[in-house]
Amino acid sequence: MANIDLTQYGITGTTEIVHNPSYDELFAAETDASLSGYEKGQISELGAVNVLTGIYTGRSPKDKFIVMDENSKDTVWWTSADYANDNHPLSEDSWKVLKDLAKNELSNKKLYVVDAFCGANKDTRMSVRFIVEVAWQAHFVTNMFIQPTAEELENFKPDFVVYNASKAKVSNYKELGLNSETAVAFNITSREQVILNTWYGGEMKKGMFSMMNYYLPLKGIASMHCSANTDMNGENTAIFFGLSGTGKTTLSTDPKRLLIGDDEHGWDDNGVFNYEGGCYAKVINLDKESEPDIYNAIRRDALLENVTLDENGKIDFNDGSKTENTRVSYPIDHIENIVKPISHGPAAENVIFLSADAFGVLPPVSILTPEQTQYYFLSGFTAKLAGTERGITEPTPTFSACFGQAFLELHPTKYAEELVKRMEKNGSKAYLVNTGWNGTGKRISIKDTRGIIDGILSGAIKNAPTKKIPYFDFEVPTELEGVDTKILDPRDTYANVADWEIKAKDLASRFAKNFKKYETNEAGKALVAAGPKVD
Ligand SMILES: Nc1ncnc2c1ncn2[C@@H]1O[C@H](COP(=O)(O)OP(=O)(O)OP(=O)(O)O)[C@@H](O)[C@H]1O
Ligand SMILES: O=C([O-])CC(=O)C(=O)O
Ligand SMILES: [Mn+2]
């Protein structure tokens, strides 16, 4: 095993290093009777350990900072008055202070070091070293990242280092130009991430995704917040973009298809590849019958988060008292039908945008033209669902560029450019699928949405009779096998069509207003014609 010297990172007095622990070691460590507080896990009836992640049960985008230096100042897409985003600048001096806090927290104790890959493609993967002091955090990254073989571990040379000092706080945060005692800070030049005062593992997962989103598009590779699967022969790939809670994990986990990955992918000349080695599924109200694959993935080695258990370990998936963002992480091989040995598929034939529309305006499926594809990709309209980000407690309509604005490090048009380039080359088709609400006031059922996805993937939708929806000019099927015909035109789900009209006009004008930020050049202006019409 590689010899690890943490003094090279300024971490001193380390009493023990547990390097790439096995699942059995992790299980023993996180259920150790001497642990207390948020470090201690509880064994559930399904064999998976459940942990509580503390005050932070979702990501904290307001606390995300990137060092602004010579290298990053002209490349990173910084937040601005014209276009606010989560890339807050951090000075090099403040970075030093944060890193010192982390080094201090991590010195003089037993640590877990997990070396893993982000990216299934050998040419473009990042070798990431996670340094953490909480056993279950080591478990989380073991589940979520790609585990090196023994040989790869022997020769592992990190090209990115994550310091997780979740127990430390930034007390002088105001002086440092931060938002709170919590910091999730990146240094693109030295290739390091520092985490302070949040235990939520998603900061490491989405942190490395953000870094891939920086490095890969600059190499001409599309970097995407999407899930991906392919047919049983590994020949017909589909990708599903969507913000948190819109159904990436649920809908890509399909017993009829092979899973490539549930959240983060790249698309290069060889096809679509996963960044991750595991999945991170929402488990609120999880139902064994309607989502058997995810349910069955919850067993030993999976890690539950913020789920409510009684003293005997019996799980109540319907309890959202800790958070709506209850989760399970599991290695991808807990799903039976996956692409092996590496999570990769050919170029995507179908590109699906999942949008959970809380207004009840969007049709459950729309067939997009190439211009609409660009317009709706840049717009990224959806509702933020409760829990994944701090402060979001009910479905909140939002425009999240490329369906993942929180993770974009370059301007959104760069991601659109790379996606469109790949789609044009491969003749891929795009669809907008509303997994949210309609005029009934209820969320569209998973059964109907699965029927829609089946219709897209089988090609049946190409032969379906269609009509156009006003204001948006969406082409929608009027019949699709396996889907309740009465929901295909959203107007039919309203007691009074005029109610849909009012909401549709309101949504159309929100789109137009949001799109103004892209109208600063000719390409952006040209796309306006593909957007909704407001009169
Ligand atoms: N029509 C629907 N389609 C998809 N999911 C639905 C639908 N109706 C309800 N749901 C529920 O919405 C949630 C979708 O969450 P899912 O984990 O698939 O989202 P995600 O896009 O993977 O989010 P994240 O990026 O946060 O992991 C699940 O809890 C699922 O049961
Ligand atoms: O952000 C999401 O969509 C879910 C997740 O991976 C995280 O919480 O980091
Ligand atoms: Mn997911």
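Note that ligands are numbered from 1 as they come in the structure, with each ligand's atoms numbered from 1 the same way. Below, all heavy atoms of this structure are taken into account, side chains as well, without hydrogens, waters or symmetry copies.
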So if I count the atoms of ligand 1 from 1 in the order they appear, which ones are less than 4.0 Å from some heavy atom of [X]?
{"X": "Ser445", "result": "1 (N)"}
{"X": "Asp263", "result": "25 (O)"}
{"X": "Thr246", "result": "19 (O), 21 (O)"}
{"X": "Tyr280", "result": "27 (O)"}
{"X": "Gly245", "result": "12 (O), 13 (C), 14 (C), 15 (O), 19 (O), 20 (P), 21 (O), 23 (O), 24 (P), 26 (O)"}
{"X": "Lys248", "result": "18 (O), 19 (O), 20 (P), 21 (O), 22 (O), 23 (O), 24 (P), 25 (O)"}

Is [X] close enough and on-axis enough to [Y], meaning under 6.0 Å and within 45°, for cation-pi?
{"X": "Lys206", "Y": "Phe407", "value": "yes"}
{"X": "Arg300", "Y": "Phe27", "value": "yes"}
{"X": "Lys248", "Y": "Phe240", "value": "no"}

Would you call the rings of His411 and Tyr83 parallel, tilted or perpendicular if under 30° counts as parallel and over 60° as perpendicular?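 His411 vs Tyr83 ring planes: perpendicular.
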
Between Asp473 and Gln372 the two heavy atoms that sit nearest each other are O-NE2, 3.1 Å

Is there a donor-acceptor pair closer than 3.5 Å between any side-chain N or O of Arg125 and the backbone N or O of Ala120?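 No.
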
Main-chain N/O of Pro465 paired to Thr478 side chain as donor or acceptor, under 3.5 Å: yes

What's the separation between atom CG in Leu243 and atom CG in Leu354, rounded to the nearest 0.5 Å?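 Reported value, rounded in 0.5 Å steps: 10.5 Å.
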
Minimum distance, heavy atoms only, to atom 27 (O) of ligand 1: which one of Arg327, Lys282, Lys442 is it? Arg327

Which of these, Asn325, Asp448, Thr250, Ile446, has its nearest heavy atom closest to atom 16 (P) of ligand 1? Thr250

Checking Arg299 now: which residues fulfil salt bridge (Lys or Arg N to Asp or Glu O under 4.0 Å) with it, not counting sequence neighbours? none

Hey, is Gly242 one of the residues with a heavy atom under 4.0 angstrom from ligand 1?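 Under 4.0 Å: no for Gly242.
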
Hey, is Leu243 one of the residues with a heavy atom under 4.0 angstrom from ligand 1?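 So Leu243 counts as touching ligand 1.
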
Any N or O of [X] that comes nearer than 3.5 Å to an N or O of ligand 1?
{"X": "Lys206", "result": "no"}
{"X": "Glu291", "result": "yes"}
{"X": "Gly247", "result": "yes"}

For the residue pair Ser321 / Asp319, report whether a side-chain donor-acceptor contact shorter than 3.5 Å exists. yes

Using a cut-off of 2.8 Å, count how many protein N, O or S atoms are strictly closer to the Mn ion (ligand 3).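 There are 1 of them.
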
Ring pair (Phe, Tyr, Trp, His ring centres under 6.0 Å), that's the test. Do Phe511 and Phe381 meet it? Break it down for me. CA-CA 8 Å; Phe511 266 103; Phe381 170 74; 5.4 Å; yes

Validation row, ring centre Phe130 to ring centre Tyr163 under 6.0 Å: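 No.
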
